[in-house]
Enquirer: 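Take this structure first; my questions come after.
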Amino acid sequence: MGSAALLWGWLLLGCSWDPGLPGVGAAALSTATYVLDDAGGLGRQFDGIGAVSGGGATSRLLVNYQEPYRSQILDYLFKPNFGASLHILKVEIGGDGQSTDGTEPSHMHYANDENYFRGYEWWLMKEAKKRNPKIKLIGLPWTFPAWIGKGENWPYDYPDVTAYYIVSWILGAKQYHDLDIDYVGIWNERAFNSKYIKVLRQSLDRLGLRNVGIIAADGDWNISKEMIVDPYLNDAVEVVGAHYPGTKTVPNALLTKKKLWSSEDYSTFNDEVGAGCWARILNQNYVNGNMTSTIAWNLVASYYEELPFGRCGLMTAQQPWSGHYKVEAPIWITAHTTQFTQPGWSYLQVDGHLEGGGSFVALTDGLGNLTIIIETMTHNRSQCIRPPLPHFSVTPQRATFCLKGSFYMVETLQVWHSRLSFESGNSSLFQQLHPVKVWKGSFSLDLNMNEVYTLTTLKTGQKCGYPEPPPPQPFPSNYKDDFNIRNPPFSEAPNFADQTGVFEYFINASDPGDHVFTLRQVVVQRPITWASDADQTISLIGNFQWVNMTVTCDIYIEKQRDGGVFIAGRVDNGGIYVRRTKGVFFWVFADGTYRVTGDLAGEEILMKGLSGVRDNAWHTLTLNIQGTSTSGLLNGYPLWENVTISEPSNGWAAIGTHSFEFAQFDNFHVEAN
């Protein structure tokens, strides 16, 4: 176990430490005693630990993993007493707009359109519930379809319309998937509107959805300022949720007397430092900020790693083509809390700061069970992506815990331990150690730096695992999709990562036969945006490291006169940076012209001319990129050649449209060499 992990059970009188006890040899350790007592009442109710799928498209690649790997990943995330054992799943209510790493489709692209089978969040919520029927579900919009704003980039001018749209999603979840949504948010990290929140609450109540709580406002704590002077707003909101609070709350939030949550946090690369960040905030969001739930962005890094915030998930599953995934350290840090607590437990009233640095929390189910979670993360080993972390120091220390009240009779505590190692990469994660004996209500523990301990009366903890998944492989260098699938399990084709617009399987009933099953871009008005969506639509696919490639695709322009589509290679950007995307773009337009550009915006023109392409007819485009030269074919015949390109030097393949317009794609093929 190593000396740092030795557990000392002492016969202590009145919970005072006797330095004369034999076998200690640790006079240099700082020592302190902490009293855990429920006699004077309990602290706030614990609401659970969770993670976000979405905001956006963060689970995009998960859905097309083959079995058994897909189910294994889901088990690590959701199965109780297995891995992360999450208590809460928060999903994006797709709004057709870019929400960090891609777009997620709306259940209502247009005002007269409803479809509760788009995207993958419905599927994910059902898989989570299948494993843990008690998991809490939250929905939150990042973007909204254009019709909500009636021409304005703003969702609050017609609060009844926005409330109708959100309530429809909640009702659809129940009607089509038998999912009960527990909480709903307002607008992720954007302005809130008090009138809209009240209208939403009234709409929910009127439709018998009183059990659906409103979380507001998923940004900073400012809504609390309005809540304490507006009793109707205060009544409408169940949870005050802030993002990346740096473990601190504000006085106004406490004055609301509401549940306080860190409703999005973490967002950090999932190595050992990311695990250290997560361990620290899981405790200190309560210790410093009275927050009773912490929700990680994001659940699982299932998006191309070179998109923004690559690998900022609790685990990594970004290779469905190989089956490879990785259970990262944050999964086991999560388990230290989630496997030994449940929503509805209560925190004990105790100042959880350790004298030598670090923190602890203690929770009880009120039935005699006790769980203590201790973390000793150092400053440099636990920095989250945001906000900046003020300096603090942590030193080796001895902590003595004195159990009083109903815990005085506890005789034994189960022990789970993690030590994060940064140089060797040899972290010890979620290991069960020998139980600690409690003598007359007391035990001591030697704590080193960058450790997590769980001490608990529960015997249900498990570190489960599956055989190693297949080794990693790059995206196939020869990849085809003809989209010929009659009843697709998901609305989107595998591996295509939409970055502006939404590309869906489509059945072209009027086609004579060659192009009945296609992929269609369906967003025809710019959505109410959260990020800087492009003015063009684009979907990425493949390997960011590709240099030389040939991309071929059949295309069908639906928009007359100024409609247009493209195929592209060496595409270098996406996510929130999609507007600045560079690459080699081969465009054809309904007016019979073509262009070759070095950017998605179409401003860097490398070549242009006449093609003879027209709308409402199928054409085959081929883009060939070799070294510093590129050429294009139309229907198998050279249209332009020997265009010189300098950068970017590598990137994905892509398809897309000139504007928010209907267009179809078929028989996509990329060959990279």
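Remember, it's a predicted structure, so these values are computed and weren't measured experimentally. For this chain, numbers begin at 1 and follow the sequence in order.
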Enquirer: Does any non-hydrogen side-chain atom of L140 lie less than 4.5 Å from one of K90?
Expert: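 Yes, their side chains come closer than 4.5 Å.
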Enquirer: Is the F662 ring parallel, tilted or perpendicular to the Y110 ring (thresholds 30°, 60°)?
Expert: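 Plane angle over 60°, so perpendicular.
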Enquirer: For the residue pair Q521 and E504, confirm or rule out a side-chain donor-acceptor distance under 3.5 Å.
Expert: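 No pair is found: no donor N or O on one side chain lies under 3.5 Å from an acceptor on the other.
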Enquirer: Does any N or O in the side chain of Q98 come within less than 3.5 Å of the main-chain N or O of W530, such that one atom is a donor and the other an acceptor?
Expert: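 Such a contact is absent between Q98 side chain and W530 backbone.
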Enquirer: Is D180 salt-bridged to K174, cutoff N-O under 4.0 Å?
Expert: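 A salt bridge is present here (some side-chain N lies under 4.0 Å from a carboxylate O).
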Enquirer: With ring pair (Phe, Tyr, Trp, His ring centres under 6.0 Å) as the criterion, how do W345 and F46 come out once you've worked through the C-alpha distance, each side chain's angles and the decisive distance to 0.1 Å?
Expert: CA-CA 5 Å; W345 282 42; F46 173 68; 8.1 Å; no
Enquirer: Donor-acceptor check, side chain of R44 to backbone of S346, threshold 3.5 angstrom: yes or no?
Expert: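 Between the backbone of S346 and the side chain of R44 there is no qualifying donor-acceptor contact (under 3.5 Å).
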Enquirer: Please test L255 against I228 for side chain to side chain contact (heavy atoms under 4.5 Å, CB included), starting from the C-alpha separation and ending with a verdict.
Expert: CA-CA 7 Å; L255 286 172; I228 58 178; 3.8 Å; yes
Enquirer: Does any donor atom in the side chain of Y165 or S106 lie under 3.5 Å from an acceptor atom in the other side chain?
Expert: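 Y165 vs S106: donor-acceptor pair found between side chains.
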Enquirer: Do the side-chain N and O atoms of S85 and T338 include a donor-acceptor pair separated by under 3.5 angstrom?
Expert: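 Checked: S85/T338 side chains show no N/O donor-acceptor pair below 3.5 Å.
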Enquirer: Do F496 and F503 come within less than 4.5 Å of each other through their side chains, counting heavy atoms only?
Expert: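 No, side chains not in contact.
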Enquirer: Side chains of Q349 and Y347 only: does a donor on one sit below 3.5 Å from an acceptor on the other?
Expert: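 No, Y347 and Q349 have no side-chain donor paired with an acceptor closer than 3.5 Å.
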Enquirer: Less than 3.5 Å apart, any donor N or O on the side chain of T657 or T537 sitting next to an acceptor on the other?
Expert: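 Side chains of T657 and T537: pair found under 3.5 Å.
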Enquirer: Using every non-hydrogen atom in the two residues, find where T58 and Y303 come nearest and quote the distance to one decimal.
Expert: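 Scanning both residues completely, I find the closest heavy atoms to be O-CD2, 3.3 Å.
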Enquirer: So, do V239 and I214 sit near enough that their side-chain heavy atoms are less than 4.5 Å apart?
Expert: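 Result no, sub-4.5 Å side-chain heavy-atom pair not found.
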Enquirer: Might you confirm whether atom CG of D351 has over 12 heavy atoms from other residues, nucleotides or ligands at distances under 6.0 Å?
Expert: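 Above 12, so yes.
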Enquirer: State whether the side chain of S53 and the backbone N or O of V91 hold a donor-acceptor pair below 3.5 Å, judged by distance alone.
Expert: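 Checking the backbone N and O of V91 against the side chain of S53, no donor-acceptor pair under 3.5 Å is found.
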Enquirer: Report the C-alpha distance between L77 and I331 in whole Å, list the side-chain angles of each, state the deciding distance to 0.1 Å, and finish with yes or no for side chain to side chain contact (heavy atoms under 4.5 Å, CB included).
Expert: CA-CA 8 Å; L77 294 168; I331 289 287; 3.9 Å; yes
Enquirer: Answer yes or no: is there a side-chain heavy-atom contact under 4.5 Å between F401 and L36?
Expert: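 In short, these two side chains touch, coming nearer than 4.5 Å.
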Enquirer: Could you check whether the rings of H379 and H391 sit parallel, tilted or perpendicular, using 30° and 60° as the cut-offs?
Expert: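 Tilted, since the angle between the ring planes falls between 30° and 60°.
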Enquirer: Is there a side-chain contact between C384 and Y266 (heavy atoms, below 4.5 Å)?
Expert: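 SC-SC contact between C384 and Y266 ruled out.
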Enquirer: Please say whether more than 12 non-hydrogen atoms of neighbouring residues, nucleotides or ligands are located less than 6.0 Å from CD in E152.
Expert: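 At most 12 heavy atoms, drawn from other residues, nucleotides or ligands, come within 6.0 Å of this atom.
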Enquirer: Between T256 and A253, is there a donor-acceptor pair closer than 3.5 Å when you use the side chain of the first and the backbone of the second?
Expert: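 Present.
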Enquirer: Would you find a donor on one side and an acceptor on the other, under 3.5 Å apart, between the side chain of E104 and the backbone of A57?
Expert: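 Yes.
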Enquirer: Going by atom types only, do E189 and H243 share a side-chain donor-acceptor pair under 3.5 Å?
Expert: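 On atom types as modelled, these side chains qualify, holding a pair under 3.5 Å.
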Enquirer: Taking NZ, NE, NH1 and NH2 as the nitrogens, is one of them in D535 or R526 under 4.0 Å from a carboxylate oxygen of the other?
Expert: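 Salt bridge flag = yes for R526 with D535.
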Enquirer: Using the ring pair (Phe, Tyr, Trp, His ring centres under 6.0 Å) definition, which of the options F490, Y505, Y176 pairs with F117?
Expert: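 Of all the options given, the one that passes is Y176.
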Enquirer: Checking the side chain of N270 only, and the main-chain atoms of R311 only, is there a donor and an acceptor separated by less than 3.5 Å?
Expert: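 Yes, the answer is positive, given that a donor and an acceptor are paired below the 3.5 Å cut-off.
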Enquirer: Assess, by modelled atom type and distance only, whether the side chains of H109 and D96 contain a donor and an acceptor separated by less than 3.5 Å.
Expert: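 The answer is yes; a qualifying pair exists.
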Enquirer: Would you call E238 and K259 a salt bridge, using N to O less than 4.0 angstrom?
Expert: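 No salt bridge links E238 with K259.
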Enquirer: Just by modelled atom types, is the R579 backbone N or O under 3.5 Å from a matching donor or acceptor in the S532 side chain?
Expert: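 Here the side-chain-to-backbone pair does not exist.
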Enquirer: If the threshold is 4.0 Å, N to carboxylate O, is there a salt bridge linking D75 and R131?
Expert: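 Result for this pair is yes, salt bridge flagged.
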Enquirer: I'd like to know if the side chain of S382 and the backbone of R280 have a donor-acceptor N/O pair within less than 3.5 Å.
Expert: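 No; zero donor-acceptor contacts below 3.5 Å.
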Enquirer: Can you confirm whether the side chains of Y244 and E264 place a donor and an acceptor under 3.5 Å from each other?
Expert: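 A pair is found: one side chain offers a donor N or O, the other an acceptor, under 3.5 Å apart.
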Enquirer: Between the side chains of D230 and K198, is the shortest nitrogen-to-carboxylate-oxygen separation below 4.0 Å, so that they form an ion pair?
Expert: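 Between D230 and K198 there is a salt bridge, with a charged N closer than 4.0 Å to a carboxylate O.
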Enquirer: Without hydrogens or angle criteria, can the side chains of E226 and S194 be said to hold a donor-acceptor pair below 3.5 Å?
Expert: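 Yes, a side-chain donor-acceptor pair sits under 3.5 Å.
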Enquirer: Can you check whether A39's main-chain N or O pairs, donor with acceptor, with D37's side chain at less than 3.5 Å?
Expert: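 Yes, D37 side chain to A39 backbone: donor-acceptor pair under 3.5 Å.
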Enquirer: Answer with yes or no whether the side chains of D218 and S263 bring together a donor and an acceptor at under 3.5 Å.
Expert: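 Yes, D218 and S263 have a side-chain donor paired with an acceptor closer than 3.5 Å.
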Enquirer: Salt bridge between D38 and K404, side-chain N to carboxylate O under 4.0 Å?
Expert: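 Judged by the 4.0 Å cut-off on N to carboxylate O distance, D38 and K404 do not form a salt bridge.
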Enquirer: Could you check whether T294 and N285, counting side-chain N and O atoms only, form a donor-acceptor pair closer than 3.5 Å?
Expert: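 Note: N285 and T294 side chains meet the donor-acceptor criterion.
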Enquirer: Evaluate the ring planes of W261 and Y183, with Trp represented by its six-membered ring, and classify them as parallel (under 30°), tilted (30 to 60°) or perpendicular (over 60°).
Expert: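 Rings of W261 and Y183: perpendicular, over 60°.
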Enquirer: Is R118 salt-bridged to D113, cutoff N-O under 4.0 Å?
Expert: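 A salt bridge is present here (some side-chain N lies under 4.0 Å from a carboxylate O).
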Enquirer: Looking just at side-chain N and O atoms, do S302 and Q318 make a donor-acceptor pair shorter than 3.5 Å?
Expert: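 On atom types as modelled, these side chains do not qualify, holding no pair under 3.5 Å.
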Enquirer: Using a distance-only test with no angle check, is there a side-chain donor-acceptor pair under 3.5 angstrom linking N288 and H353?
Expert: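 Distance-only check passes for N288 and H353.
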Enquirer: Okay, side chain of Y156, backbone of A191: is any donor-acceptor separation there less than 3.5 Å?
Expert: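 Checked: pair present.
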Enquirer: I would like to know whether W169 and V184 meet side chain to side chain contact (heavy atoms under 4.5 Å, CB included); could you show each step before the answer?
Expert: CA-CA 10 Å; W169 185 86; V184 68; 5.7 Å; no
Enquirer: Assess whether atom CZ of F392 is packed by more than 12 heavy atoms of other residues, nucleotides or ligands within 6.0 Å.
Expert: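 Enclosed.
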Enquirer: Between K225 and D220, is the closest basic N to carboxylate O distance under 4.0 Å?
Expert: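 The answer is no: the pair does not qualify as a salt bridge.
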Enquirer: Report yes if some heavy atom in the side chain of I49 is under 4.5 Å from a heavy atom in the side chain of I88; otherwise report no.
Expert: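 In short, these two side chains do not touch, never coming nearer than 4.5 Å.
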